[in-house]
Amino acid sequence: MLIFGKIAQVVIALGIFNVWVLRFNRPTAYRGKAASNMREEFAAYGLPVWSMWLIGATKMALATGLLVGLGVPMLVRPCSVGMAILMVGAIAMHIKVGDRPIRALPALAMLLLSVLAAAS
């Protein structure tokens, strides 16, 4: 199971970097309320702009910690648990605004991968 945990760490990190760097200002099929970028998505959730930056920085830090955790295993559990908590929040935001369940699918996948990484 150790190898699956390490794969989960990498997939989580790459997924977070993809969303928060490459797709930050682009529309995706999974944005809340069909927002066309991250700022609009947070606005759709009723969250202030500063929370977008705080959550983004936290997710990027945790994703970096998961990659560093490949060599420093003591970082994996706290980073994956932190990521899992944020993913529960993301799922809750999709529910709050009445999104179709498919829009929360990436957050659910990241939540499950985070649990796998924490358990490994």
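We number each residue from 1, following the sequence as shown. Computed from a prediction, not measured in an experiment: that's the story for all the values here.
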### Task
Report the C-alpha distance between Val21 and Met60 in whole Å, list the side-chain angles of each, state the deciding distance to 0.1 Å, and finish with yes or no for side chain to side chain contact (heavy atoms under 4.5 Å, CB included).
CA-CA 9 Å; Val21 176; Met60 296 286 285; 3.5 Å; yes
If I compare all heavy atoms of [X] with all of [Y], which pair ends up nearest, and what's the gap?
X: Pro78; Y: Met74; answer: CD-O, 3.4 Å
X: Val76; Y: Ala117; answer: CG1-O, 3.6 Å
X: Ala118; Y: Val81; answer: CB-CG2, 4.2 Å
X: Ala13; Y: Ala63; answer: CB-O, 3.6 Å

### Task
Could you check if a side-chain atom of Met38 sits within less than 4.5 angstrom of a side-chain atom of Arg23, using non-hydrogen atoms only?
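With C-beta onward as the side chain, the pair stays apart.
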### Query
Val19 versus Lys59: any side-chain heavy-atom pair under 4.5 Å?
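The answer is no, as the side chains (C-beta and beyond) never meet within the 4.5 Å cut-off.
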Is it the case that one hydrophobic cluster holds both [X] and [Y], taking links as side-chain heavy atoms less than 4.5 Å apart, direct or via other members?
X: Leu86; Y: Ile95; value: yes
X: Trp50; Y: Phe24; value: no
X: Ile91; Y: Val88; value: yes
X: Leu62; Y: Leu108; value: yes
X: Val49; Y: Leu54; value: no

[atom2] on [Y] to [atom1] on [X], rounded to 0.5 Å:
X: His94; Y: Arg100; atom1: NE2; atom2: CZ; answer: 11.5 Å
X: Met52; Y: Tyr45; atom1: CE; atom2: OH; answer: 13.0 Å
X: Thr58; Y: Trp53; atom1: OG1; atom2: CH2; answer: 13.0 Å
X: Lys33; Y: Lys96; atom1: NZ; atom2: NZ; answer: 11.0 Å
X: Leu116; Y: Ile12; atom1: CG; atom2: CD1; answer: 8.0 Å
X: Phe4; Y: Ser120; atom1: CZ; atom2: OG; answer: 9.5 Å

### Residue pair Phe17, Thr64: steps toward the side chain to side chain contact (heavy atoms under 4.5 Å, CB included) verdict
CA-CA 9 Å; Phe17 295 142; Thr64 301; 3.7 Å; yes
### Task
Return yes if some donor-acceptor pair links the side-chain N/O of Arg103 with the main-chain N/O of Ala29 below 3.5 Å, else return no.
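Answer holds: yes.
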### Query
Which of these, Val68, Leu66, Leu67, sits in a side-chain contact (heavy atoms from CB on, under 4.5 Å) with Gln9?
Leu66
### Query
Given Val10 and Leu70, is the side chain to side chain contact (heavy atoms under 4.5 Å, CB included) satisfied, shown in steps?
CA-CA 9 Å; Val10 173; Leu70 294 169; 3.8 Å; yes
### Message
Pair Leu47, Met93 - check side chain to side chain contact (heavy atoms under 4.5 Å, CB included), show working.
### Response
CA-CA 10 Å; Leu47 299 172; Met93 290 294 107; 4.0 Å; yes
